[in-house]
2 protein chains.
Amino acid sequence: MDHGRSPGHRAGLTHAAVLSAARELLAEHGIAGLTMRMLAARLDVAPNALYSHVASKTALVDALLDDVLGEVAVLTPSVENPALGLHQLMTSTYDVLVGHADLVPLYLSRQGAHGPNALRLGEVTLDLLRRAGVPEPTASDALRVLIVYTIGFAAFTRHLPATGGSERRPSAAEMQSSFEHGLGWLLAGISDDHPDAQSHLRFASETEPKRPARK
Amino acid sequence: MDHGRSPGHRAGLTHAAVLSAARELLAEHGIAGLTMRMLAARLDVAPNALYSHVASKTALVDALLDDVLGEVAVLTPSVENPALGLHQLMTSTYDVLVGHADLVPLYLSRQGAHGPNALRLGEVTLDLLRRAGVPEPTASDALRVLIVYTIGFAAFTRHLPATGGSERRPSAAEMQSSFEHGLGWLLAGISDDHPDAQSHLRFASETEPKRPARK
DNA sequence: ACCTGAACACCGTTCAAGT
DNA sequence: ACCTGAACACCGTTCAAGT
């Protein structure tokens with residue numbers, strides 16, 4: 001594989017190139033195809049050459065997920081309607097993660113070394129919660145709940161466990177619909193715990209425009 | 001390792017013995033220690049001997065998780081108070097899964113070949129939802145949402161991502177508290193969608209006795 | 001600093017035997 | 001049917017070189 005290159009010559013790899021090739025590999029061959037050796041082969045490089053640009057495979061996966069998280073749409077801070085902004089942010093995160101569902105379980109099994117994009121999303125969410133009038137002890141709970149709920153649902157969109165009885169596997173569209181229902185319940189519950197909130201979060205799920213089903 | 005045993009003699013393994021040894025291995029050495037070869041070594045057996053009792057490693061993991069799920073307390077069907085039964089069932093599931101949090105991400109990454117215990121839990125949950133007065137299109141959504149929420153939270157109890165800013169890692173007790181808050185929001189939201197429900201699910205989270213923090 | 005060659009210490013799984 | 005011995009086709013990672 002390694003195109004005629006003697007020990008001293010370099011291939012011109014970069015961290016970004018490795019990351020980008022990893023994303024392609026993941027998209028094409030799924031999670032099973034994402035190995036250091038396959039990645040090296042795709043880059044026409046010896047397997048150990050990758051370690052000049054990536055500390056380890058787990059570091060690669062962490063970087064990969066944060067890279068994906070960078071695609072989440074963080075619209076104008078929605079100062080006027082934080083409730084709607086909250087709903088939009090979670091659904092956008094859900095959409096992006098579903099597009100790379102293989103990555104989530106892999107990320108779950110590691111120490112969550114959170115990248116800058118993940119941190120940014122957490123901060124934006126917390127900010128929206130506060131603006132919606134949710135006071136501090138509850139806001140932290142709500143942040144955790146929303147994150148876990150969204151990521152958990154994204155991880156499950158492919159294979160849902162035990163939906164009871166002999167029912168067939170729910171489609172991606174059904175999963176998205178269930179996700180949206182549950183998100184509405186959560187946002188309503190958060191808001192109902194604090195009736196002095198400036199606007200009911202429940203409002204968001206009703207005014208949100210329909211998204212097209214994923215390809 | 002293999003105690004003097006010639007090719008023809010048997011070691012007396014059973015499916016249950018393999019499964020039990022796998023649980024011990026998981027508890028002692030974590031997820032990294034759960035390999036077919038380590039498992040064989042612990043049973044004083046050649047690695048390939050396991051394949052007489054287990055089809056593959058993924059089948060082992062599936063069986064392992066369903067075995068764990070068998071520990072979930074399914075109390076008297078709570079005919080009188082389905083709302084409280086629902087809350088109790090989810091918290092029990094959460095507690096059990098948190099005790100084996102390593103298993104969940106591994107389970108997520110596979111095709112969810114659902115064992116009998118998982119199916120039973122799904123059916124019991126759905127039954128409770130119906131008894132609580134939740135009509136059918138919503139009940140399926142609620143079932144999915146509750147399952148995903150509970151399993152997702154269990155998977156995250158060790159490493160929570162992006163709780164925003166530079167806050168330190170939440171403790172297990174904090175995670176449990178957040179889980180319970182979110183569960184209350186969900187149950188309240190489900191019940192509020194159907195005001196004719198025989199009893200507000202919200203009621204459950206208020207009458208539920210305190211559980212001791214996990215060891 | 002970046003890359004190669006070779007190797008180490010593992011994996012899950014299969015195949016041909018033995019009783 | 002259950003187990004061993006040996007092997008296959010992989011892994012991630014390290015170490016000593018080369019330029």
Side-chain angles (χ1 to χ4, degrees), chain A residues 1-22 25-26 28-64 102-103 105-107 109-111 113, chain B residues 1-22 25-26 28-64 102-103 105-107 109-111 113:
Chain A
M1 276 293 178
D2 315 343
H3 254 140
R5 198 166 32 233
S6 8
H9 302 153
R10 43 198 70 187
L13 287 190
T14 59
H15 180 83
V18 171
L19 217 100
S20 152
L25 208 55
L26 183 73
E28 293 173 17
H29 299 85
I31 194 64
L34 185 58
T35 73
M36 298 299 272
R37 297 182 108 101
M38 293 282 284
L39 185 54
R42 163 175 279 259
L43 291 166
D44 250 0
V45 149
N48 46 3
L50 299 175
Y51 291 86
S52 294
H53 305 92
V54 161
S56 64
K57 187 184 180 181
T58 79
L60 207 192
V61 171
D62 287 348
L64 212 50
D102 293 356
L103 222 50
L106 216 65
Y107 185 74
S109 60
R110 316 212 177 289
Q111 315 257 32
Chain B
M1 277 293 178
D2 316 344
H3 253 142
R5 197 164 36 231
S6 9
H9 303 152
R10 44 199 68 186
L13 287 190
T14 58
H15 179 83
V18 171
L19 217 102
S20 153
L25 207 55
L26 182 74
E28 292 173 19
H29 300 85
I31 194 65
L34 185 57
T35 73
M36 298 299 272
R37 297 182 108 101
M38 292 282 283
L39 185 54
R42 164 176 276 259
L43 290 166
D44 249 0
V45 148
N48 45 4
L50 300 175
Y51 290 87
S52 295
H53 306 92
V54 161
S56 65
K57 188 185 180 179
T58 79
L60 207 192
V61 171
D62 288 347
L64 212 52
D102 292 355
L103 222 49
L106 215 66
Y107 186 73
S109 59
R110 316 211 176 288
Q111 315 258 29

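Quick caveat: nothing in here was measured; it's all calculated off a predicted structure.
The distance from atom CG of B/Leu34 to atom P of C/dC10 is 16 Å, rounded to the nearest whole Å. B/Leu39 has its CG atom 17 Å from the P atom of C/dC10, to the nearest Å.
In this structure, B/Ala11 and A/Met36 both approach DNA chain D, and ranking their closest nucleotides by distance from the 5' end singles out B/Ala11. Residue-to-nucleotide proximity on DNA chain D shows that, of B/Arg37 and B/Thr14, the 5′-proximal contact is made by B/Thr14. Comparing A/Gly12 and B/Lys57 by the nucleotide of DNA chain C whose heavy atom lies nearest to each, the residue mapping closer to the 5' end is A/Gly12.
Across the strands present, C/dC3 finds no partner; the criterion is a Watson-Crick or G-U wobble pair with both atom distances under 3.5 angstrom. Base pairing of C/dA17: no nucleotide in any strand meets the Watson-Crick or G-U wobble criterion (both distances under 3.5 Å). Summarising the base pairing, D/dA9 is matched to no nucleotide, lacking a Watson-Crick or G-U wobble pair whose two defining distances lie under 3.5 Å.
The side chain of B/Arg5 lies closest to D/dT4 when the candidates are C/dG12, D/dC11, D/dT4.
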Side-chain donor-acceptor pairs of residues 53-60 of chain A under 3.5 Å, sequence neighbours excluded:
residue: A/His53; atom: NE2; partner: A/Leu13; partner atom: O; Å: 3.1
residue: A/Ser56; atom: OG; partner: A/Thr58; partner atom: OG1; Å: 3.2
residue: A/Ser56; atom: OG; partner: A/Ala59; partner atom: N; Å: 3.2
residue: A/Lys57; atom: NZ; partner: A/Leu34; partner atom: O; Å: 2.9

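Going from the C1' atom of D/dC15 to that of C/dC3 covers 14 Å, rounded to whole Å.
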Write out a two-atom table: protein N or O, nucleotide N or O from nucleotides 17-19 of chain D, distance below 3.5 Å.
residue: D/dG18; atom: N2; partner: A/Pro7; partner atom: O; Å: 3.1

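Using modelled atom types, one side-chain atom of B/Arg5 and one backbone atom of B/Asp44 make a donor-acceptor pair closer than 3.5 Å.
In the region residues 49-56 of chain A, proximity to DNA chain C at under 4.0 angstrom, judged on heavy atoms, holds for A/Ala49, A/Ser52, A/His53.
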